[in-house]
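Right, one structure below, let's go through it.
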Amino acid sequence: MITLALSKGRIFDETLPLLKAAGIEVLDDPDKTRKLILATNQPDVRVVLVRATDVPTYVQYGGADLGITGLDTLLEHGMEWGGAASNAGLYQPLDLQIAKCRISVAVREGFDYAAAVRQGARLTVATKYVAIAREFFAAKGVHVDLIKLYGSMELAPLTGLADAIVDLVSTGNTLKANHLVEVEHIMDISSRLVVNQAALKLKQEPIRRIIDAFASVVESK
Ligand code: AMP
């Protein structure tokens with residue numbers, strides 16, 4: 001059995017065409033079922049639905065053989081657990097070029113971010129991406145107090161909880177609707193295929209087949 005860990009929503013939807021190219025069709029619609037294990041038209045391939053932030057954990061510890069997750073999630077997973085070594089057992093063979101966005105710093109309209117940074121002010125930054133934010137501001141030599149949030153980051157500068165946020169930006173519409181402006185582009189984000197290294201050795205042929213099918217779709221884009 002090959003187990004693929006996916007999260008519902010954008011990643012699941014954008015993964016369906018890749019699976020199709022590998023001859024795999026998921027038999028249930030995750031929005032219409034409460035099942036967490038979804039069968040496919042291939043009796044030896046199943047999909048498990050997990051939270052996006054749990055995908056690296058499932059794959060690393062062998063709860064799934066493969067998984068698809070954003071670079072943001074992978075970086076937070078690795079850095080939270082103490083650096084590259086903590087991603088041991090996770091092989092990252094492919095940038096799937098799906099769920100593309102960027103991770104940026106944003107502030108309230110009218111907040112003079114450049115001046116605050118120039119003056120060496122201590123910034124309060126609210127984010128779900130504490131590890132990425134810590135690394136980014138440390139490299140810039142900017143002192144920050146980080147506040148961990150789990151959602152609705154846009155509210156933080158509007159309520160006075162923080163001076164800035166670090167969040168994913170796609171079209172920029174969410175920032176605009178909340179009177180926030182992007183002041184730094186930290187990095188581009190896309191979803192990555194991750195594979196459990198031990199599974200790759202033990203089930204090399206079927207896993208390779210899936211990786212190769214995904215790779216050919218990505219290359220043809
Ligand atoms: P947008 O308004 O298009 O800039 O989208 C921003 C909102 O969507 C933010 O709340 C982000 O957290 C979320 N978002 C944007 N792109 C992604 C992505 N690729 N994966 C997950 N969340 C995203």
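Whatever order the structure lists them in is the order used to number ligands and atoms, beginning at 1. Position 1 is the first residue of the sequence; numbering continues from there.
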From CD1 (I147) to CG (D163), nearest 0.5 Å: 9.0 Å

Where ligand 1 meets N173 - atom numbers and elements under 4.0 angstrom, heavy-atom basis: 2 (O), 4 (O)

V169: numbered ligand 1 atoms lying under 4.0 Å from its heavy atoms: 4 (O)

E25 side-chain N/O to K20 backbone N/O, donor-acceptor pair under 3.5 Å: no

Distance-only polar pair, side chains of D72 and Y129, donor-acceptor under 3.5 Å: yes

Of the listed options L168, I98, L175, closest to atom 11 (C) of ligand 1 (non-hydrogen atoms): L168

Under 3.5 Å: N/O of A99 near N/O of ligand 1: yes

Non-hydrogen side-chain atoms of T127 and L149 separated by less than 4.5 Å: no

same_hphob_cluster(V194, I11) at 4.5 Å side-chain heavy-atom cutoff: no

Check: D212 side chain, I207 main-chain N or O, donor-acceptor pair, under 3.5 Å: no

Protein contact of atom 12 (O) of ligand 1 - nearest heavy atom, named by residue and atom, plus distance: D167 OD1, 3.4 Å

Where ligand 1 meets T171 - atom numbers and elements under 4.0 angstrom, heavy-atom basis: 1 (P), 2 (O), 3 (O), 4 (O)

Heteroatom distance test (T174, ligand 1): nitrogen or oxygen, under 3.5 angstrom: yes

Pick from S170, C101, S191: the one approaching atom 18 (C) of ligand 1 most closely through a non-hydrogen atom: C101

Closest approach of any protein heavy atom to atom 13 (C) of ligand 1, naming residue and atom: R10 NH2, 4.2 Å

pair F12-V26: side-chain heavy atoms closer than 4.5 Å: yes

H185 atom NE2, neighbour heavy-atom count above 12 within 6.0 Å: yes

E154 touching ligand 1 at heavy-atom level, < 4.0 angstrom: yes

Any N or O of G172 closer than 3.5 Å to N or O of ligand 1: yes

